[in-house]
Amino acid sequence: MDFDEFREFGHASIEFIINYLSNIRDRDVLPSVVPHEVINQLPRQIPEQPEHWRHILNDLEHIILPGLTHWQSPYFNAFFPSSTSAGSIIGELLIAGIGVLGFSWICSPACTELEVVVMDWLAKFLKLPAHFLHETEGPGGGVIQGSASEAVLVAVLAAREQAVRRERERQPELSESDIRGKLIAYSSDQSNSCIEKAGVLAAMPIKLLPASEDLVLRGAALKAAIERDVAAGLIPVICVATLGTTGTCAYDDIESLASVCEEHNVWLHVDAAYAGGAFALDECADLRRGLDRVDSLNFNLHKFMLVNFDCAAMWLRDANKVVDSFNVDRIYLKHKYEGCTQIPDFRHWQIPLGRRFRALKVWITFRTLGAEGLRAHVRKHIDLAAQFENLVKADSRFELVAPRALGLVCFRAKGDNEITSQLLHRLMERKKIYMVKAEHGGRQFLRFAVCGMDPKPADIQFAWTEIETQLTQLNLEADQQPLENRKAGEIAELTQHLTGLQLQMDETLQR
Ligand code: PLP
């Protein structure tokens with residue numbers, strides 16, 4: 001493809017994106033395809049000859065788009081938002097266009113240095129403790145990982161290696177494998193699946209401690225578990241707390257967990273994948289309580305900062321602990337500025353070697369929206385969730401299951417779980433809005449998360465109308481059910497009666 005054709009393809013693709021995003025409300029949020037429908041429409045091999053981009057965009061429109069769930073639709077109310085914005089989309093395009101990798105400073109100095117700058121911008125915007133900033137003297141700093149899962153895994157692995165080293169010194173009579181066999185980690189039963197998975201990948205069990213009635217993990221529960229395990233000869237390594245759980249956006253009590261972790265020399269990591277965006281707001285200052293005492297934390301810019309997937313911020317109080325744990329060198333990776341303070345080689349802070357220039361899309365997003373725009377975005381989600389919450393509260397057929405938290409409302413139809421299940425089933429069949437179910441204490445509920453690229457009050461009203469009319473319909477059908485059954489019974493009785501009469505008539509005629 002020459003540059004003239006590339007230009008045409010590029011312009012047409014931008015038009016395609018604008019058309020897709022500006023008309024997204026016209027599409028059902030969930031696709032109508034069945035398994036293999038997309039596969040069956042595609043050739044089984046790479047085309048032998050190059051194809052014109054027009055054919056490719058045409059197939060994108062007619063084969064691929066109908067098979068997509070539209071995450072940028074305001075009627076996508078499942079999981080948590082996966083945000084994007086014009087600046088971020090252009091940023092992603094430029095990243096691909098420039099095509100650099102930045103695993104060490106020398107590979108692309110601006111790639112590393114821009115990341116240092118935007119991570120410090122973000123830390124200040126979120127009002128994080130100063131020791132997490134690169135510009136503060138000391139071993140702290142931030143890095144962009146691909147996902148919260150990777151950030152949690154990095155923290156778990158680093159904590160594990162630190163614990164092994166510490167224990168080898170403390171108990172030289174034990175072999176390394178004996179020590180590794182005794183390691184244990186903690187989180188809450190409300191934490192995201194990626195935390196348990198990090199334990200599996202790190203070959204270190206993570207105990208999921210039961211959160212209290214209000215879905216919060218507190219120091220007392222952690223303390224009891226650690227004391228039990230220490231008495232049994234185990235070695236506590238890390239506690240992964242959550243600010244903004246996936247189920248209900250509950251906030252673990254970081255202060256009390258930090259006290260226990262400090263007492264037992266346990267690494268404290270905070271997963272704030274979603275709720276971290278609210279650290280920026282003065283009215284949410286309470287959420288930041290205790291963060292000055294944690295070893296590491298993560299926050300997904302691709303959830304709440306209008307940066308498209310993948311982009312997960314992670315901060316470390318002492319990055320040396322991660323670098324020491326993962327440092328594997330080769331002569332071809334060496335360069336003369338290695339080890340310079342403030343010039344990190346980010347390959348030591350992450351799992352892969354290669355790394356994308358994600359800082360570019362963050363930089364462009366932050367500059368095109370400004371801090372004011374980012375704060376307004378988080379506040380908009382909170383306001384829209386409050387609008388939805390009020391609609392739930394005003395309808396006596398529904399109940400809230402947990403306090404509304406940021407852009408998430410957890411609610412259910414009153415009565416047994418079956419009603420809520422059937423309601424969700426109907427909504428999914430109709431494909432107008434998309435929510436997912438969760439469960440706590442035997443009660444199933446629906447999670448309504450404000451999502452989409454540009455949700456508006458009218459979208460919330462649309463979703464609510466869809467939900468409440470489908471419940472009305474469900475109740476009507478349930479009321480009709482016994483009536484129909486009754487009618488069927490009456491018809492059967494009548495038929496039996498008529499058959500009897502017929503028999504009597506036949507007998508009379510025969511006589
Ligand atoms: N942590 C929390 C609280 C989440 O809600 C999620 C996903 O929604 C994750 C972690 C996993 O995020 P990622 O897909 O970036 O790994």
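All ligand and atom numbering here is 1-based and tracks the order in the structure.
Looking at ligand 1, you'll find an N or O of Asn300 within less than 3.5 Å of one of its N or O atoms. Polar contact with ligand 1: absent for Thr245 (N/O pair, distance under 3.5 Å).
A donor-acceptor pair under 3.5 Å is absent between the side-chain atoms of Glu115 and the main chain of Val143, judged by distance alone. Side chain of Thr365 to backbone of Val307: no donor-acceptor contact under 3.5 angstrom is found.
Here the heavy atom of the protein found nearest to atom 11 (C) of ligand 1 is Asn192 OD1, 3.7 Å. At the top of the distance list for atom 7 (C) of ligand 1, counting protein heavy atoms only, stands Lys303 NZ, 3.2 Å. For atom 12 (O) of ligand 1, the closest non-hydrogen atom of the protein is Ala148 CB, 3.4 Å.
Atoms of ligand 1 lying under 4.0 Å from any heavy atom of Thr246, numbered from 1 in the order shown and given with element: 2 (C), 3 (C), 4 (C), 5 (O). Every atom of ligand 1 is numbered from 1 in the order shown, and the set under 4.0 Å from a heavy atom of Cys194 is 10 (C). Atoms of ligand 1 found under 4.0 Å from any heavy atom of Ser147 (numbered from 1 in listed order, with element): 13 (P), 15 (O), 16 (O).
Contacts of Ile195 with ligand 1, taken as heavy-atom pairs under 4.0 Å, are absent altogether. Using a 4.0 Å cut-off between heavy atoms, His302 contacts ligand 1 through its side chain alone, with no backbone atom that close. When heavy-atom distances to ligand 1 are checked against a 4.0 Å cut-off, Ala273 comes that close only through its side chain, counted from C-beta outward. Residue contacts with ligand 1 for Ser149 involve both N, CA, C or O and side-chain atoms from C-beta outward (heavy atoms, distance under 4.0 Å).
Within a 6.0 Å radius of CD in Glu196, other residues, nucleotides and ligands contribute 12 heavy atoms or fewer.
Across Lys414, Lys393, Arg412, a single residue satisfies salt bridge (Lys or Arg N to Asp or Glu O under 4.0 Å) together with Glu399, and that is Arg412.
In the model, Tyr434 has no side-chain atom that pairs as donor or acceptor with a side-chain atom of His70 under 3.5 Å. Side-chain contact check for Ser256 and Asp253: at least one donor-acceptor pair (N or O, by modelled atom type) lies under 3.5 Å.
Contact annotation: Tyr274 has no heavy atom less than 4.0 Å from any atom of ligand 1.
Figure legend: Arg347 and Trp349 shown without cation-pi pairing, the cationic atom not lying both under 6.0 angstrom from the six-membered ring centre and within 45 degrees of its axis.
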Query - side chain to side chain donor-acceptor pair (under 3.5 Å) between Thr246 and Arg447, intermediate numbers included - result: CA-CA 10 Å; Thr246 311; Arg447 296 170 70 267; over 6 Å; no
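For the pair Ala241 and Leu257, the tightest heavy-atom approach, listed with the atom from each and the gap, is CB-CD1, 3.6 Å.
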